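Inspection log for the structure reproduced underneath, given as structure tokens.
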Amino acid sequence: MEEASMTQSAAGPVPAPPAPPVPLSALLSREDLGLRLLAGSPGTDVHWVHTSEMADPYPYLLGGELLMTAGVQLTDPERYVARVAGAGAAALGFGVTPVYDTVPEGLVAACVRHGLPLLEVPPRTPFAAVGRAVWRLMAEARHRELRRVTDAQQALATAAARPDPVPAVLRALASRLAGRAALYAPDGSERAAAGRPVGPAALEALARLVRVLRTGGRPASAADTVDGAHLAAYALGGGQGLALGVASGHREAGDHTIAGVAVVLLSLLTAPHQGADEATRSAALVRLLLGAAPAEVAPLLGDAPWTVVHARGEGAPPHGPPPLGTPLVDAREGTVRALLPAGRDIAPHPGWTLGVSAPAAPDGLGAADLQAARALRRARAAHLPVARHRSGGIGALLDPDEAAAYARALLAPLPEPLTETLRAWLSLHGNWDRTATALGVHRNTVRQRIARCAALLGTDLDDPEVRMELWFALRWW
């Protein structure tokens, strides 16, 4: 029940892309495409577009796609539709001409029987135009989602600054999600709530989700749907056993992100024994998380230098963030970011890989955050439990912005998987076996990736000077 972006197929759940899906109705409303729905629901969501003229495309489908075909090898419509539906495809788009003048009646009947939406694609509409329309609609939806999330962040931050911050945050969250938001005590009772009422079945299911957060696996979130209500529960930080429960009549893209911001705010607002200085610093972290410039929050943090730590769990997911001894923690997308007073000892933590910045004044936290990110990448590549930013040396003689620009230009031809492989390979002195072990792949895969790096960069990776230059660029990338 943990929150995830998944599409169900016969082979099991598969990851869905980060962009919001596109309903078929949005494609059908495009007059320039001229699509016609022959079977199925126009509300079906499409996650991507795939074109295939194979007699059986099942092995090559991920699920959630609009499969486009002209029926070049369509000999048995019933078996074809059964296989496509079994693979989890969202819909089938059939192009008339050059093979068929009309959509075969047998194909329409098979789609009706298997519940697979079927679109007729007119001769004037290239398949590429349908794919382009889907990507464009996804981009527009993503933009709307980002605007909605940004507005919600501002509303939640404003609510957190009110005299009654916890109820205000719950009211703001319930309003933005058009539902109900409740803070649950460790015993499972509601400590505070706001928003629209929900039925008894949904309330009981939400209480069950809160209890799930306290099971042995201790997931950070859990979700369910009961009586048409979309439910989600999130564990708050701070070790107090508090949880946020949310119920809404419909789920929109960005809801999970908005709820995550509320979790950060409520975790800070409910943290025990906060003095004035600590509360002020917590407020500063909140502003940083919501996009404020470091210079704006520097007066709140004070003059003491700070250290930024990036941590990432390795292997089995650890239970909660590493105990770094600070309430200033932000966990998102698998990486934990923490802010600690400089000088505090940062030891290895089992199950975690840490990257540590150099001490920084408040107005230098942006650079320290980049230092911690680079140190974490270096630690993961070299299989080190902790890596610290290296100050001084040749790198200290260069302008950081110029060095970063040079690194981006040099490494631009490499996609991220190749960049990480190159980093690991160079950190392990070109050892194929150790690099393969560090990345969890076969040594031949490492050889192929490094050969691809050399080809894309147009350089000789056996040259020590080339390796030195690339390692320097990776440090600033």
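Keep in mind that what you see is a predicted model, and the values were worked out from it rather than measured. The figures that follow rest on heavy atoms only: side chains count, while hydrogens, waters and symmetry mates do not. Throughout, residue positions are numbered sequentially from 1 according to the sequence presented.
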> Which pair of non-hydrogen atoms, one from Y58 and one from G86, has the smallest distance, and what is that distance?
Replying inline: CE1-C, 3.7 Å
>> What verdict does the side-chain contact (heavy atoms from CB on, under 4.5 Å) test give for L209 and L231, after you've listed the backbone C-alpha separation in whole Å, the side-chain angles of each residue and the deciding distance to 0.1 Å?
In response: CA-CA 8 Å; L209 291 182; L231 313 174; 3.8 Å; yes
> Just how far is it from atom CG of L242 to atom CG of L269, taken to the nearest 0.5 Å?
Replying inline: 11.5 Å
> In Å, rounded to the nearest 0.5 Å, how long is the span from OG1 of T69 to CZ of F94?
Replying inline: 6.5 Å
> Between H230 and D255, do the side chains contain an N or O donor and an N or O acceptor separated by less than 3.5 Å?
Replying inline: no
> What do the steps show when you test L66 against L27 for side-chain contact (heavy atoms from CB on, under 4.5 Å), and what is the final call?
Replying inline: CA-CA 11 Å; L66 169 60; L27 289 175; 4.1 Å; yes
>> Restricting to non-hydrogen atoms, name the atom on L137 and the atom on A26 that form the minimum distance, rounded to 0.1 Å.
In response: CD1-CB, 3.9 Å
> So, R312 and T353: side-chain donor and acceptor under 3.5 Å apart, yes or no?
Replying inline: no
> Between P385 and W352, is any pair of side-chain heavy atoms under 4.5 Å apart?
Replying inline: no
>> So, taking the atom named OG1 in T150 and the one named CG in L146, what distance separates them when rounded to the nearest 0.5 Å?
In response: 6.5 Å
> With no hydrogens and no angle check, is any side-chain donor or acceptor of E65 less than 3.5 Å from a backbone partner on G63?
Replying inline: yes
> Pairs in or reaching into residues 438-456: which pass side chain to side chain donor-acceptor pair (under 3.5 Å), with residues at least two apart or in two chains?
Replying inline: T421-R449, D433-R443
> Got a second to check how far L422's CG is from L461's CG, nearest 0.5 Å?
Replying inline: 6.5 Å
> Taking all atoms of both residues into account, what is the closest heavy-atom pair of V308 and A368, and its distance?
Replying inline: CG2-CB, 3.7 Å
> Quick one: does V81's side chain get under 4.5 Å of C111's, heavy atoms only?
Replying inline: yes
> Does the pair E252 and R148 meet the rule for a salt bridge (charged side-chain N to carboxylate O under 4.0 Å, His left out), with working shown?
Replying inline: CA-CA 10 Å; E252 295 186 24; R148 176 171 174 261; 3.5 Å; yes
>> Is there a side-chain contact (heavy atoms from CB on, under 4.5 Å) between F127 and V49? Walk through the geometry before answering.
In response: CA-CA 9 Å; F127 287 176; V49 177; over 6 Å; no
> Nearest heavy-atom pair of D369 and R337: which atoms, and what distance?
Replying inline: OD1-NE, 3.6 Å
> Between the side chain of Q371 and the main-chain N/O of A358, is any donor-acceptor distance below 3.5 Å?
Replying inline: yes
> Got a sec, which residues hit salt bridge (Lys or Arg N to Asp or Glu O under 4.0 Å) with R136, two or more places apart in sequence or on another chain?
Replying inline: none
> Does a side-chain heavy-atom distance below 4.5 Å link M68 with S52?
Replying inline: no
>> Return the OG to CG distance between S248 and L177, rounded to the nearest 0.5 Å.
In response: 6.0 Å
>> A259: which residues meet the side-chain contact (heavy atoms from CB on, under 4.5 Å) condition with it, sequence neighbours left out?
In response: Y234
> Do L28 and L119 come close enough that some side-chain heavy atom pair is under 4.5 Å?
Replying inline: yes
>> Pair I258, L156 - check side-chain contact (heavy atoms from CB on, under 4.5 Å), show working.
In response: CA-CA 9 Å; I258 294 172; L156 290 168; 4.2 Å; yes
> Hey, does L354 have a side-chain heavy atom less than 4.5 Å from the side chain of L376?
Replying inline: no
> When rounded to the nearest 0.5 angstrom, what is the spacing between CZ in R423 and OG1 in T435?
Replying inline: 13.0 Å
> Is there a side-chain contact between L213 and Y184, using heavy atoms and a 4.5 Å cut-off?
Replying inline: no
>> Any heavy-atom pair between the side chains of R380 and R377 that's under 4.5 Å?
In response: no
> Any side-chain heavy atom of V130 within less than 4.5 Å of one from T125?
Replying inline: yes
> Given the side-chain rings of W135 and W48, with only the six-membered ring counted for Trp, is the space between their centroids under 6.0 Å?
Replying inline: no
>> So does G430 get a backbone contact from the side chain of W425, meaning a donor-acceptor N/O pair under 3.5 Å?
In response: yes
>> Using every non-hydrogen atom in the two residues, find where A89 and L61 come nearest and quote the distance to one decimal.
In response: CB-CD1, 4.4 Å
>> Ignoring hydrogens, what is the shortest heavy-atom contact between S357 and T307? Give both atom names and the distance.
In response: O-CG2, 3.6 Å
